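Quick notes on the structure that follows.
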Amino acid sequence: MRSFFRQYGLYMAWAVSLVAVGGSLFFSEVMRFEPCKLCWFQRIFMYPLVILLGMACYKNDRKLIAYILPMSIIGGMISLYHYSEQKIPGLAKLLPCTVGVPCNEDYINWLGFITIPFLALIAFIMITCFLLLGREERREAEELE
């Protein structure tokens with residue numbers, strides 16, 4: 001099973017990024033949820049992943065993982081902070097959003113804990129894990145040569 005994820009990790013990371021961007025566009029364009037400042041930062045790190053991972057998949061170039069992985073990790077850290085700001089009331093007072101939609105506002109709150117930043121965090125974590133597994137596949141291929 002692990003070899004499956006090693007072999008197809010790059011493609012699975014791309015699929016997750018496509019779903020995440022599609023969900024982001026659905027919430028903003030169809031549901032008309034206005035993104036806050038932190039949502040925009042998360043988008044800055046997620047949207048290019050679709051293009052970069054798509055190029056890496058098309059060329060089957062695992063060397064791009066070294067450039068894509070930091071974007072995914074940084075985006076995940078922003079998502080984690082954003083989610084923490086929504087769930088820990090005192091944290092929202094440290095760096096309040098002063099323009100536009102407040103960053104601690106919940107547009108969705110499914111099951112009491114699933115919010116938009118939580119969904120983004122899960123996507124970034126999945127992309128990071130798939131890329132790390134895909135990077136292992138590259139190392140194994142280099143060792144065999």
Side-chain angles (χ1 to χ4, degrees), residues 1-88 91-92 95 97-145:
M1 185 71 160
R2 189 173 171 141
S3 65
F4 173 81
F5 288 111
R6 285 181 185 164
Q7 185 175 359
Y8 297 107
L10 189 62
Y11 303 99
M12 295 173 79
W14 183 46
V16 171
S17 71
L18 283 170
V19 171
V21 168
S24 169
L25 291 172
F26 173 79
F27 283 133
S28 64
E29 300 303 317
V30 176
M31 300 298 292
R32 297 285 186 208
F33 296 158
E34 185 178 336
C36 68
K37 183 171 72 173
L38 289 174
C39 289
W40 279 113
F41 285 123
Q42 291 167 70
R43 286 176 172 205
I44 288 169
F45 286 96
M46 181 62 75
Y47 284 31
L49 292 181
V50 172
I51 296 167
L52 293 172
L53 286 167
M55 288 172 34
C57 289
Y58 178 72
K59 293 182 176 186
N60 198 20
D61 184 6
R62 296 181 185 277
K63 292 178 184 173
L64 284 176
I65 292 174
Y67 304 106
I68 299 170
L69 197 56
M71 292 178 66
S72 179
I73 292 170
I74 293 169
M77 290 191 303
I78 294 169
S79 296
L80 179 63
Y81 175 76
H82 191 185
Y83 183 66
S84 299
E85 191 174 279
Q86 285 183 332
K87 295 300 176 185
I88 303 170
L91 199 56
L95 294 169
C97 290
T98 56
V99 178
V101 178
C103 294
N104 62 342
E105 184 175 318
D106 293 342
Y107 281 119
I108 64 168
N109 194 6
W110 300 329
L111 304 174
F113 70 96
I114 300 174
T115 63
I116 294 173
F118 181 79
L119 293 172
L121 176 62
I122 295 302
F124 281 120
I125 288 171
M126 289 177 70
I127 291 168
T128 301
C129 290
F130 288 142
L131 290 176
L132 289 173
L133 287 170
R135 191 173 67 173
E136 288 180 18
E137 174 70 19
R138 183 176 150 232
R139 279 194 202 137
E140 286 178 5
E142 288 174 354
E143 288 173 4
L144 291 174
E145 291 176 359

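This is a predicted model, so every value here is computed, not measured. Just so it is clear, the values below take in all heavy atoms, side chains as well, and ignore hydrogens, waters and symmetry mates.
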* Asked: Do R135 and L132 come close enough that some side-chain heavy atom pair is under 4.5 Å?
  -> yes
* To do: Would you check if Q42 and I116 make a side-chain contact, meaning some heavy-atom pair closer than 4.5 Å?
  => no
Identify each donor-acceptor pair in which a side-chain atom of residues 124-131 lies under 3.5 Å from a protein atom, sequence neighbours left out, and give them as a table.
from : atom 1 : to   : atom 2 : distance (Å)
T128 : OG1    : S72  : OG     : 2.7
T128 : OG1    : F124 : O      : 2.8

* To do: Check S79 against P117 and note the closest heavy-atom contact, atom names and distance.
  => CB-O, 3.8 Å
* Can you tell if the side chain of N60 reaches within under 4.5 Å of the side chain of Y11, non-hydrogen atoms only? -> yes
* Residues which pass ring pair (Phe, Tyr, Trp, His ring centres under 6.0 Å) with Y8, listed by chain and number, not counting sequence neighbours -> F4
* Asked: Hey, does L53 have a side-chain heavy atom less than 4.5 Å from the side chain of I68?
  -> yes
* Structure fact -> Applying side chain to side chain donor-acceptor pair (under 3.5 Å) to S17 and not counting sequence neighbours gives none
* side chain to side chain donor-acceptor pair (under 3.5 Å) involving D61 - partner list, sequence neighbours excluded -> none
* To do: List for me each residue that meets side chain to side chain donor-acceptor pair (under 3.5 Å) alongside S24, sequence neighbours excluded, and say none if there are none.
  => R43, Y47
* For F113, which residues count as a side chain to side chain contact (heavy atoms under 4.5 Å, CB included) partner, sequence neighbours excluded? -> Y83, L111, F118
* Asked: Any sub-3.5 Å donor-acceptor pair from W110's side-chain atoms to T115's backbone N or O?
  -> no
